[in-house]
Chemist: 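The structure is given below, and queries will be raised subsequently.
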Amino acid sequence: MSTARSCPCGLPRPYDACCGRFHSGSAVAATAEQLMRSRYSAFVKLEAGYLLRTWHPRTRPAELDLDPGTRWTGLEILATEGGTAFHSTGTVTFRASYRGGAMTEHSRFEREQGGSGAWLYVDGDVSG
């Protein structure tokens with residue numbers, strides 16, 4: 001992984017200094033939006049382990065089979081609500097583009113109770 005390449009999440013930072021630090025476990029997302037961006041990057045990088053680790057145990061699937069043929073091409077944040085250090089829940093609505101189309105999701109996140117207080121993906125409503 002080259003540190004000179006921009007992060008797939010769309011922020012103008014190198015991958016290793018942006019979502020890569022969350023994928024490696026050296027940092028934890030501080031907001032629901034950061035977690036959502038890092039999860040998008042995990043789909044791009046085929047990091048199924050990270051996706052499962054950041055999925056709420058209540059809704060997490062037993063396994064995740066990512067399609068290496070999907071070419072994700074961009075992420076656009078449409079709206080956020082809550083999801084900061086001052087909240088226990090949050091939502092992020094985003095559009096993820098891929099070669100051949102796009103999908104929009106309204107995702108729900110919860111902060112882990114006790115422990116690290118890390119943000120976890122709960123579920124989402126997908127359209128498109």
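For this chain, numbers begin at 1 and follow the sequence in order. Bear in mind the structure is a predicted one, so any value in this text is a computation, not a measurement.
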Chemist: Test: side-chain hydrogen bond (donor to acceptor under 3.5 Å, both in side chains). Region: residues 94-103. Which pairs qualify, not counting sequence neighbours?
Modeler: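 Qualifying pairs, neighbours excluded: E76-R95.
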Chemist: F109: which residues meet the ring-ring contact (aromatic ring centres under 6.0 Å, His included) condition with it, sequence neighbours left out?
Modeler: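 Counting only residues at least two positions away or on another chain, F109 forms a ring-ring contact (aromatic ring centres under 6.0 Å, His included) with Y121.
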Chemist: Quick check on the hydrophobic clustering: are L66 and V126 connected, directly or via other members, by side-chain heavy-atom contacts under 4.5 Å?
Modeler: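 Yes, L66 connects to V126 through the hydrophobic network.
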Chemist: What residues, two or more places apart in sequence or in another chain, satisfy side-chain contact (heavy atoms from CB on, under 4.5 Å) together with L120?
Modeler: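 Result, side-chain contact (heavy atoms from CB on, under 4.5 Å) vs L120: H56, P57, E112.
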Chemist: Side chains of C19 and P8, heavy atoms from C-beta outward: is any pair under 4.5 Å?
Modeler: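 Heavy-atom side-chain distance check fails, nothing below 4.5 Å.
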Chemist: Is there side-chain contact between P61 and W55, with at least one heavy-atom pair below 4.5 Å?
Modeler: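 They are in contact (side-chain heavy atoms under 4.5 Å apart), so the answer is yes.
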Chemist: Can you find a heavy atom in the side chain of M36 that is under 4.5 Å from one in the side chain of E105?
Modeler: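 They are not in side-chain contact.
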Chemist: Are the side chains of Y15 and K45 in touch, meaning some heavy atoms are under 4.5 Å apart?
Modeler: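 When only atoms from C-beta onward are counted, K45 and Y15 do touch, with a gap below 4.5 Å.
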Chemist: Show which residues join F86 in its hydrophobic cluster (side-chain heavy-atom contacts under 4.5 Å, direct or indirect), or state none.
Modeler: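 F86 clusters with nothing; isolated.
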Chemist: Kindly give the cluster partners of V28, where membership spreads through any ILVMFWY side chain lying under 4.5 Å from a current member.
Modeler: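 Besides V28, the hydrophobic cluster comprises nothing; the residue is isolated.
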Chemist: Under a 4.5 Å side-chain heavy-atom rule over Ile, Leu, Val, Met, Phe, Trp and Tyr, are W72 and V92 clustered together?
Modeler: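 W72 and V92: one cluster.
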Chemist: Tell me every residue that passes side-chain contact (heavy atoms from CB on, under 4.5 Å) with T31, counting only those two or more places apart in sequence or in another chain.
Modeler: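 T31 satisfies side-chain contact (heavy atoms from CB on, under 4.5 Å) with E33, Q34 only.
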